[in-house]
Amino acid sequence: MGESRLAVVSGGGTGIGAAVAQGLVLDGYDVVIVGRRGEVLAEAASRMGESSGRAGAVTAVAADLTDPAQVSAVVEAVGERTVDALVNNAGGYLGGPTGTLADVADWWRANLDANVLTAVLLTEALLPALRRPGGRVVLLSSIAAQRGGAGPYSAAKAALHGWAYDLATQLGPEQITVNVVSPGYVAETEFFGDRMTPEGHAKRVAATLIGRAGVPDDIAAAVRYLVGPSAGYVTGQVLGVNGGSVLGR
């Protein structure tokens with residue numbers, strides 16, 4: 001048998017990233033999961049391997065992807081292998097005081113770093129390792145990029161769309177696809193922390209057309225499609241997975 005396909009998933013220890021990684025393991029990939037919390041990643045890697053019957057299929061790499069020096073740890077974990085799929089999922093909404101212009105600048109930089117720079121640095125570092133032809137790059141955006149409502153987080157996620165179009169144009173001749181998955185409200189993640197209330201949950205569910213919240217596996221299914229063989233003719237696209245709370249356009 002040949003070597004297993006290899007995927008790299010940032011923010012892969014919990015929530016959507018963990019669901020994506022678990023799904024790719026079930027699809028036969030070896031997976032490198034990346035995040036800042038080493039213990040969380042190690043537990044996730046062990047759990048994924050055991051539940052799939054593929055112990056050792058998941059490698060955990062603790063790294064802050066906003067720091068160029070730490071991105072090298074991911075490159076080292078990949079080694080000489082070819083990367084079939086890169087899923088840039090790291091990020092989140094970072095709140096902060098906005099009393100002064102300096103506070104505002106720090107708040108915006110933190111959100112841009114967490115949601116854009118992490119994806120840019122990891123992708124640039126792994127570009128030489130991407131499979132040619134047939135590599136896949138997926139960026140995780142947000143419904144906030146399309147309808148606003150979250151200040152610098154909305155702007156940062158929207159920036160991923162423009163960059164994805166550039167990257168798709170750059171890598172298309174090498175038959176590497178680049179796409180964006182834009183989730184709506186997804187329950188069962190750490191995204192809202194302790195900020196979510198029953199009223200907030202109900203409001204977000206009511207905004208959908210199908211009357212339910214998303215779950216991480218909903219998003220993972222979209223990613224698994226985009227990195228799979230059936231999506232070779234799909235590139236430069238934003239795929240909304242939001243229950244109809246924002247209609248396609």
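The figures here come from the full heavy-atom set of this structure, side chains too, leaving out hydrogens, waters and symmetry mates. The residues of the chain are indexed from 1 along the displayed sequence.
- By the 4.0 Å N-to-carboxylate-O rule, Asp64 lies too far from Arg36 to be salt-bridged with it.
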Steps toward side-chain contact (heavy atoms from CB on, under 4.5 Å) verdict (Leu171, Thr235): CA-CA 10 Å; Leu171 298 178; Thr235 194; over 6 Å; no
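- Atom CG of Leu122 is separated from atom CG of Asn89 by 11.5 Å, given to the nearest 0.5 angstrom.
- Inter-residue side-chain proximity for Arg212 and Asp218 is flagged as met; some heavy-atom pair is nearer than 4.5 Å.
- Arg54 places a side-chain N or O within 3.5 Å of a backbone atom of Tyr29 that can act as its donor or acceptor partner.
- When atom types are taken as modelled, the side chain of Asp166 and the backbone of Trp163 share no donor-acceptor pair closer than 3.5 angstrom.
- No path of Ile, Leu, Val, Met, Phe, Trp and Tyr side chains, each step under 4.5 Å between heavy atoms, connects Leu26 with Ile16, placing them in separate hydrophobic clusters.
- For the atom pair OH (Tyr185) and OG (Ser245), the distance works out to 12.0 Å, reported to the nearest 0.5 Å.
- In this structure a side-chain-to-backbone donor-acceptor pair under 3.5 Å is missing from Asp30 to Ser4.
- Within the 3.5 Å criterion, the main-chain N or O of Leu6 finds a donor-acceptor partner in the side chain of Asp84.
- Here Ala114 pairs with Leu94 under the side chain to side chain contact (heavy atoms under 4.5 Å, CB included) rule; sequence neighbours left out.
- In the displayed structure, Arg81 atom CZ is contacted under 6.0 Å by more than 12 heavy atoms of other residues, nucleotides or ligands.
- No single ILVMFWY cluster, assembled from side-chain heavy atoms under 4.5 Å apart, contains both Leu139 and Val223.
- For the pair Ser142/Tyr153, a side-chain contact is recorded, criterion being any heavy-atom separation below 4.5 Å from C-beta on.
- Atom CG in Asn242 sits 8.5 Å away from atom CD1 in Ile219 (nearest 0.5 Å).
- For Ser51, the side chain to side chain donor-acceptor pair (under 3.5 Å) test picks out Gln22, with sequence neighbours left out.
- For Ala145 against Ala158, the heavy-atom pair with the smallest separation is CB-N, 3.4 Å.
- Here the CD atom belonging to Gln175 is positioned 9.5 Å from the CZ atom belonging to Arg136, to the nearest 0.5 angstrom.
- Judged purely by atom type and a 3.5 angstrom limit, Asn88 has no side-chain atom pairing as donor or acceptor with the backbone of Ser10.
- Screening Val120, Leu126, Leu127 for a side-chain contact (heavy atoms from CB on, under 4.5 Å) with Thr123, the sole residue that qualifies is Leu127.
- Distance alone, capped at 3.5 Å, places no donor-acceptor pair between the Lys157 side chain and the Gln146 backbone.
- Val138 and Val34 fall into different hydrophobic clusters, where Ile, Leu, Val, Met, Phe, Trp and Tyr side chains are chained together by heavy-atom contacts under 4.5 Å.
- Counting only distance, with no hydrogens or angles, the side chain of Asn111 and the backbone of Pro152 share no donor-acceptor pair below 3.5 Å.
- For the side-chain contact (heavy atoms from CB on, under 4.5 Å) with Val61, the lone residue among Val8, Val32, Val75 that qualifies is Val32.
- Nearest approach of Gly244 to Leu209, heavy atoms of both residues: O-CG, 3.5 Å.
- Salt-bridge annotation for Asp27 and Arg224: present, with a side-chain N of the basic residue lying under 4.0 Å from a carboxylate O of the acidic one.
- Side-chain atoms of Ser46 do not come within 3.5 Å of backbone N or O of Glu43 as any donor-acceptor pair.
- You'll find the side chain of Asn179 reaches within 4.5 Å of the side chain of Val234, heavy atoms only.
- Linking ILVMFWY residues whenever their side-chain heavy atoms come closer than 4.5 Å, directly or via other members, places Leu121 and Val137 in the same cluster.
- Using a 4.5 Å heavy-atom threshold, the side chains of Leu140 and Pro183 count as touching.
- A distance-only check finds a donor-acceptor pair linking the side chain of Arg132 to the backbone of Leu130 [under 3.5 Å].
- In this structure, OG1 in Thr66 is found 14.0 Å from CZ in Arg109, a value given to the nearest 0.5 Å.
- Contact annotation: the side chain of Thr118 never approaches that of Asp113 to less than 4.5 Å [non-hydrogen atoms, C-beta and beyond].
- In this structure a side-chain-to-backbone donor-acceptor pair under 3.5 Å is missing from Asp217 to Ala220.
- Enclosure of atom CG in Leu101 is not indicated, since only 12 or fewer non-hydrogen atoms of other residues, nucleotides or ligands lie within 6.0 angstrom.
- Closest of all the heavy-atom pairs between Gly149 and Ser154 is N-OG, 3.6 Å.
- Residues Ser182 and Leu239 fail the side-chain proximity criterion, which asks for heavy atoms closer than 4.5 Å.
- Within the 4.5 Å cutoff, no side-chain heavy atoms of Leu226 are placed close to those of Thr177.
- The two residues Gly13 and Val40 make their nearest non-hydrogen contact at O-CG1, 4.0 Å.
- Residues meeting the salt bridge (charged side-chain N to carboxylate O under 4.0 Å, His left out) test with Glu50, sequence neighbours left out: none.
- The minimum heavy-atom distance linking Leu160 with Val180 is given by the pair O-CG2, 4.4 Å.
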Check against side-chain contact (heavy atoms from CB on, under 4.5 Å), Asp103 and Trp107: CA-CA 6 Å; Asp103 292 333; Trp107 182 36; over 6 Å; no
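- The side-chain heavy atoms of Ile176 and Pro133, taken from C-beta on, include no pair separated by under 4.5 Å.
- In the hydrophobic clustering of this structure, Val241 groups with Val9; members are Ile, Leu, Val, Met, Phe, Trp, Tyr whose side-chain heavy atoms approach within less than 4.5 Å, directly or through other members.
- What you find for Asn115 and Ala156 is that their closest heavy atoms are CB-CB, 3.9 Å.
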